[in-house]
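What follows is a single structure, written as structure tokens, with notes after it.
Just so you know, these numbers come straight off a predicted model, no measurement behind them.
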Amino acid sequence: MSDLVEVIDTNNKGIDVLSIRKEFPVLHQEVNGKPLAYFDNAATTQKPARVIAALKAYYEQDNSNIHRGAHTLASRATEHYELTRTRIKEFINAPSAEEVIFTKGTTEGINLVANTFGKKFIREGDEIIISTMEHHSNIVPWQMLCENNNAILKVIPIFNNGELDFEAYKKLLSPKTKLVAVVHASNALGTVNPIKEMIDLAHEQGAKFLVDGAQSTAHLSVDVQELDCDFLAFSAHKLYGPTGVGVLYGKRELLEAMPPYQGGGEMISEVRFEKTTYNTIPYKFEAGTPNIADVIAFEQALSFINDCGKENIQNHESYLLGYATKKCATIKGFEPVGTANDKVSVMSFNVRNTHPFDVGMMLDASGIAVRTGHHCTQPLMDWYGIEGTVRASFAVYNTTEEIDRLYESLVRIAKRNN
């Protein structure tokens with residue numbers, strides 16, 4: 001058992017939070033004269049020391065381009081880079097490492113599918129289904145594809161508590177449906193969608209299914225073979241890893257049938273002025289020099305998650321969400337947004353008579369970091385008839401004591417205008 005995890009019978013469900021917090025240098029500082037309480041984890045998580053050390057080690061010892069060099073530094077860099085691909089395969093239980101493509105992030109992964117799978121397989125009159133709660137990165141690429149290919153975009157409605165209208169989804173599906181692209185866990189509401197059931201229904205109609213896993217991979221155990229999803233996109237920086245790195249998983253037969261996304265070095269087999277032949281997967285989709293250092297460091301973030309234990313993380317975050325939700329519900333003027341039964345650790349809310357940005361600024365004055373605004377889900381905010389929300393999102397290193405500070409600050413803010 002890792003020294004990060006101590007099985008103890010307390011509210012934190014097997015997580016030794018104090019030991020874990022020691023791994024995160026950024027947490028040990030004051031903001032505006034107050035100890036930092038970082039609740040902006042749905043935007044990006046903080047990085048453990050081992051990730052920072054891996055970045056430093058690469059540039060100090062192994063800095064070299066990968067795959068094509070014959071010298072020792074290139075060999076070491078390539079070995080470490082491809083080790084991360086193997087670790088990701090294990091993390092999501094992909095059938096093979098060749099089905100793991102490195103991208104800049106979830107956004108690029110979705111755009112890759114829209115511009116390759118969509119280019120080849122979406123025709124005039126075909127239908128693509130998304131949901132009301134999608135992030136802009138899982139809306140705009142499909143809008144652009146539909147405009148270019150004269151396809152039709154359909155949207156699954158939601159209920160007021162933030163849950164998908166599953167019956168409406170079933171009615172939207174038809175033989176014309178070629179792709180469904182839906183978020184596994186909402187970044188704005190925390191809602192966990194019934195992805196496995198949705199995938200099965202889409203496959204019955206012959207449609208492919210892309211899962212936006214930007215939030216779910218950080219909080220839930222995601223098994224692509226169990227889900228039987230066709231594509232999964234997610235980002236390293238929401239998994240305690242560096243920014244600028246993402247992953248697209250795709251089923252082998254689809255990736256092999258899709259055209260390349262970008263042209264250049266690495267994605268080719270042979271280049272002649274008369275004709276170019278393309279490399280095998282995954283390299284066909286990885287043109288140019290990649291983000292080597294950050295990919296290598298991502299392996300250490302996955303190591304951190306494995307040491308903690310995904311189930312331990314999930315239990316701890318679930319406890320924090322329940323604790324915060326119950327406590328803040330007692331505040332006069334506290335208005336939760338998104339109250340689905342199944343949620344990851346996101347608490348979105350407004351304080352009556354107070355703009356979300358003002359709430360965020362007042363919390364920052366107390367050293368508490370939250371996100372405010374529409375969270376790149378403007379259609380969702382329009383559906384609720386609001387400009388935005390305050391979002392507090394929790395990670396494995398957060399504590400109930402920090403939530404108590406959030407509660408006390410919200411009590412003071414609410415009293416100003418309620």
Under-4.0 Å salt bridge between [X] and [Y]:
| X | Y | answer |
| --- | --- | --- |
| Glu317 | Lys343 | no |
| Lys34 | Glu30 | no |
| Arg76 | Glu79 | no |
| Glu402 | Arg405 | no |

Intermediate values then yes/no, side-chain contact (heavy atoms from CB on, under 4.5 Å), Leu220 and Gln215 | CA-CA 9 Å; Leu220 308 173; Gln215 297 296 326; over 6 Å; no
Can you confirm whether the side chains of [X] and [Y] place a donor and an acceptor under 3.5 Å from each other?
| X | Y | answer |
| --- | --- | --- |
| Asn312 | Asn315 | no |
| Thr243 | His237 | no |
| Asn93 | Tyr249 | no |
| Thr339 | Asn161 | no |

Taking the six-membered ring for Trp and the full ring for Phe, Tyr or His, determine whether the centres of [X] and [Y] are under 6.0 Å apart.
| X | Y | answer |
| --- | --- | --- |
| Phe102 | Tyr81 | yes |
| Phe394 | Tyr319 | no |
| Phe209 | Phe231 | no |

Could you give the distance from [atom1] ([X]) to [atom2] ([Y]), rounded to the nearest 0.5 Å?
| X | Y | atom1 | atom2 | answer |
| --- | --- | --- | --- | --- |
| Leu210 | Cys229 | CG | SG | 8.0 Å |
| Leu179 | Ile129 | CG | CD1 | 9.0 Å |
| Ile305 | Leu239 | CD1 | CG | 4.5 Å |
| Leu320 | Thr399 | CG | OG1 | 7.5 Å |
| Ile281 | Leu255 | CD1 | CG | 5.0 Å |
| His316 | Asn398 | NE2 | CG | 6.5 Å |

Show me the pairs that pass salt bridge (Lys or Arg N to Asp or Glu O under 4.0 Å) and involve [range], at least two apart or across chains.
| range | result |
| --- | --- |
| residues 201-221 | none |
| residues 233-246 | none |
| residues 385-398 | Asp40-Arg391 |
| residues 170-196 | Asp126-Lys178, Glu167-Lys170, Lys196-Asp200 |

Minimum side-chain heavy-atom gap [X]-[Y] below 4.5 Å:
| X | Y | result |
| --- | --- | --- |
| Val247 | Thr103 | no |
| Leu173 | Val180 | yes |
| Met267 | Gln262 | no |
| Arg85 | Val295 | no |
| Ile296 | Leu83 | no |
| Leu380 | Glu134 | no |
| Asn279 | Glu286 | no |
| Gln225 | Pro95 | yes |

Sorted by chain and residue number, the side-chain hydrogen bond (donor to acceptor under 3.5 Å, both in side chains) partners of Glu335 (sequence neighbours excluded) come out as Arg352
The side-chain hydrogen bond (donor to acceptor under 3.5 Å, both in side chains) partners of Ser137 (sequence neighbours excluded) come to His135
Just by distance, do the side chain of Asn41 and the backbone of Tyr38 share a donor-acceptor pair under 3.5 Å?
-> yes
For [X], what residues pass the side-chain contact (heavy atoms from CB on, under 4.5 Å) criterion, not counting sequence neighbours?
| X | answer |
| --- | --- |
| Ile386 | Val337, Asn350, Met381, Tyr384, Thr389 |
| Glu197 | Phe166, Pro194 |
| Thr277 | Ser269, Glu270 |
| Ala57 | Gln61 |

So which atom in [X] and which in [Y] form the shortest heavy-atom distance, rounded to 0.1 Å?
| X | Y | result |
| --- | --- | --- |
| Val359 | Ile413 | O-CD1, 4.1 Å |
| Gly125 | Ile152 | O-CD1, 4.1 Å |
| Pro25 | Ala49 | CD-N, 4.2 Å |
| Ala94 | Glu99 | C-OE1, 4.5 Å |
| Gly264 | Ala287 | N-CB, 4.3 Å |
| Val346 | Ser186 | CG2-O, 4.4 Å |

Given Glu98, which of Arg252, Lys251, Lys89 fulfils the salt bridge (charged side-chain N to carboxylate O under 4.0 Å, His left out) condition?
-> Arg252
Ring pair (Phe, Tyr, Trp, His ring centres under 6.0 Å) partner of Phe304, the single match among Tyr397, Tyr240, Phe298 = Tyr240
Would Ser409 and Met362 count as a side-chain contact (heavy atoms from CB on, under 4.5 Å) if you check the C-alpha gap in whole Å, the side-chain angles of each, and the deciding distance to 0.1 Å?
-> CA-CA 8 Å; Ser409 295; Met362 286 184 276; over 6 Å; no
Can you label the angle between the His374 ring and the His136 ring as parallel, tilted or perpendicular, going by 30° and 60°?
-> tilted
Would you call the rings of Phe91 and Phe234 parallel, tilted or perpendicular if under 30° counts as parallel and over 60° as perpendicular?
-> tilted
Residue pairs fulfilling side-chain hydrogen bond (donor to acceptor under 3.5 Å, both in side chains) with at least one residue in residues 105-118, sequence neighbours excluded = Thr106-Ser235
May I have all residue pairs that pass side-chain hydrogen bond (donor to acceptor under 3.5 Å, both in side chains) and include part of residues 142-154, sequence neighbours excluded?
-> Glu127-Lys154, Asn138-Trp142
Assess whether side-chain contact (heavy atoms from CB on, under 4.5 Å) is satisfied between Gln46 and Leu36, documenting all intermediate values.
-> CA-CA 12 Å; Gln46 296 300 338; Leu36 171 64; 5.7 Å; no
For the pair Thr86 and Glu299, evaluate side-chain contact (heavy atoms from CB on, under 4.5 Å) and give the outcome as yes or no after the intermediate values.
-> CA-CA 9 Å; Thr86 300; Glu299 191 273 334; over 6 Å; no
